[in-house]
Peer 1: 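One structure follows; several queries about it will come next.
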Amino acid sequence: MGHGGNVVMELKADHREVEEMFGRIKAMSTGGQELRDMVDEVTIELVRHSVAEEQYLYPAVREHLEGGDRIADKEIDDHSRVERILKQLEGMDTGDTSFRPLLQQLMDEVTAHVRDEENTLFPMMERACTPDMLDDLGDKIRRAKALAPTRPHPAAPSSPTASKLLAPGAGLVDRARDFVTGRGTS
């Protein structure tokens, strides 16, 4: 969850972690509890990552990049699509015939988003921001992930201010639910 380094290094490490989980999911030949546990792990990581980006990275994109509003809006739209898919998967049985196609759609969406961030957005941020700014953003991202929700909340406001106010409470409730159910401990 917290890898260290500046914002780009931190978020790229998250991306590698999720890609590794996707690889393990693709290698699974059956559904059942093992697949459910892995999808829950991916969900936890993606939700934390998205909340942190929306709280700190995208406001910095708006502030420091030419066309930053358009870029941030596009990234937030990507997150919204992913979160809706995560919410659908959360309520489905892994044996449902539509589970695997929906899971593949999730992996495709996330892979495209990661490629876009790493090939376009991150280099732009590295050119526009000082190393100290990038380090500070990395610290903020790590703190946000530690308090972020672990379950998709597609109806929650996506504005940075609302997210900073509401996410810690939702995160506390989510982590309590996770503890009681054993979710995310595999």
Side-chain angles (χ1 to χ4, degrees), residues 1-23 41-87 106-172 174-175 184:
M1 181 176 67
H3 307 285
N6 71 33
V7 66
V8 172
M9 292 174 8
E10 179 72 22
L11 296 175
K12 281 184 175 182
D14 286 353
H15 293 167
R16 300 297 82 77
E17 192 173 332
V18 168
E19 287 171 350
E20 186 270 331
M21 290 181 200
F22 284 168
E41 291 289 335
V42 165
T43 299
I44 290 167
E45 292 310 312
L46 288 174
V47 169
R48 286 177 173 166
H49 179 92
S50 295
V51 166
E53 283 186 336
E54 289 173 16
Q55 287 179 354
Y56 294 103
L57 178 64
Y58 300 146
V61 166
R62 291 180 194 285
E63 181 180 346
H64 299 291
L65 298 184
E66 186 173 327
D69 286 337
R70 177 187 48 77
I71 295 166
D73 289 345
K74 184 249 184 234
E75 300 298 326
I76 291 168
D77 285 345
D78 290 352
H79 284 191
S80 294
R81 281 192 310 279
V82 166
E83 194 158 16
R84 285 191 301 272
I85 295 169
L86 290 171
K87 191 66 179 173
L106 171 74
M107 291 188 284
D108 293 345
E109 288 276 348
V110 170
T111 299
H113 178 76
V114 164
R115 188 174 37 250
D116 180 50
E117 280 190 339
E118 291 189 4
N119 293 338
T120 306
L121 180 60
F122 292 169
M124 291 169 73
M125 287 298 290
E126 289 173 319
R127 286 189 300 273
C129 297
T130 67
D132 284 344
M133 292 165 68
L134 295 172
D135 288 342
D136 182 56
L137 278 172
D139 291 340
K140 288 175 179 175
I141 291 283
R142 280 185 288 284
R143 283 193 302 274
K145 287 191 299 183
L147 298 174
T150 62
R151 295 171 185 264
H153 298 278
S158 62
S159 78
T161 303
S163 180
K164 287 175 190 172
L165 290 172
L166 300 175
L172 181 63
D174 286 354
R175 285 188 297 283

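Residues take their numbers from the sequence shown, with the count starting at 1.
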Peer 1: For R81, is there an ion pair with D77 - N to carboxylate O distance below 4.0 angstrom?
Peer 2: no

Peer 1: Show me the pairs that pass side-chain hydrogen bond (donor to acceptor under 3.5 Å, both in side chains) and involve residues 120-135, at least two apart or across chains.
Peer 2: none

Peer 1: Of the non-hydrogen atoms in F122 and L11, which two are nearest, and what is the gap between them?
Peer 2: CZ-CB, 3.7 Å

Peer 1: Start with the C-alpha distance between R143 and D139, add both sets of side-chain angles, then the distance that settles salt bridge (Lys or Arg N to Asp or Glu O under 4.0 Å), and finish with yes or no.
Peer 2: CA-CA 6 Å; R143 283 193 302 274; D139 291 340; 5.1 Å; no

Peer 1: Can you tell me if E20 has over 12 outside heavy atoms packed within less than 6.0 Å of its CD?
Peer 2: yes

Peer 1: Report the residues that fulfil ring-ring contact (aromatic ring centres under 6.0 Å, His included) with H113, sequence neighbours left out, ordered by chain and then residue number.
Peer 2: H79

Peer 1: Rounded to the nearest 0.5 Å, what's the gap from CE on M125 to CD on E117? Could you check?
Peer 2: 10.5 Å

Peer 1: Decide side chain to side chain contact (heavy atoms under 4.5 Å, CB included) for E75 and V61; before the verdict, give the C-alpha distance in whole Å, the side-chain angles of both, and the deciding distance to 0.1 Å.
Peer 2: CA-CA 10 Å; E75 300 298 326; V61 166; over 6 Å; no

Peer 1: What's the shortest heavy-atom distance between E53 and P59, and which atoms?
Peer 2: O-CD, 4.1 Å

Peer 1: Check R48 against A148 and note the closest heavy-atom contact, atom names and distance.
Peer 2: CA-CB, 3.9 Å

Peer 1: Would you check, one step at a time, whether the test side chain to side chain contact (heavy atoms under 4.5 Å, CB included) holds for L86 with L106?
Peer 2: CA-CA 8 Å; L86 290 171; L106 171 74; 3.8 Å; yes

Peer 1: Applying salt bridge (Lys or Arg N to Asp or Glu O under 4.0 Å), run through K12 and E118 and close with a yes or a no.
Peer 2: CA-CA 8 Å; K12 281 184 175 182; E118 291 189 4; 5.3 Å; no

Peer 1: Between K74 and D78 (salt bridge meaning N to carboxylate O under 4.0 Å), is one present in this structure?
Peer 2: yes

Peer 1: Minimum heavy-atom separation for L65 and A128, please, with both atom names.
Peer 2: CD2-CB, 3.5 Å

Peer 1: The test is side chain to side chain contact (heavy atoms under 4.5 Å, CB included); show your working for R62 and D73 and say whether it passes.
Peer 2: CA-CA 9 Å; R62 291 180 194 285; D73 289 345; 2.7 Å; yes

Peer 1: Pair V42, V110 - check side chain to side chain contact (heavy atoms under 4.5 Å, CB included), show working.
Peer 2: CA-CA 11 Å; V42 165; V110 170; over 6 Å; no

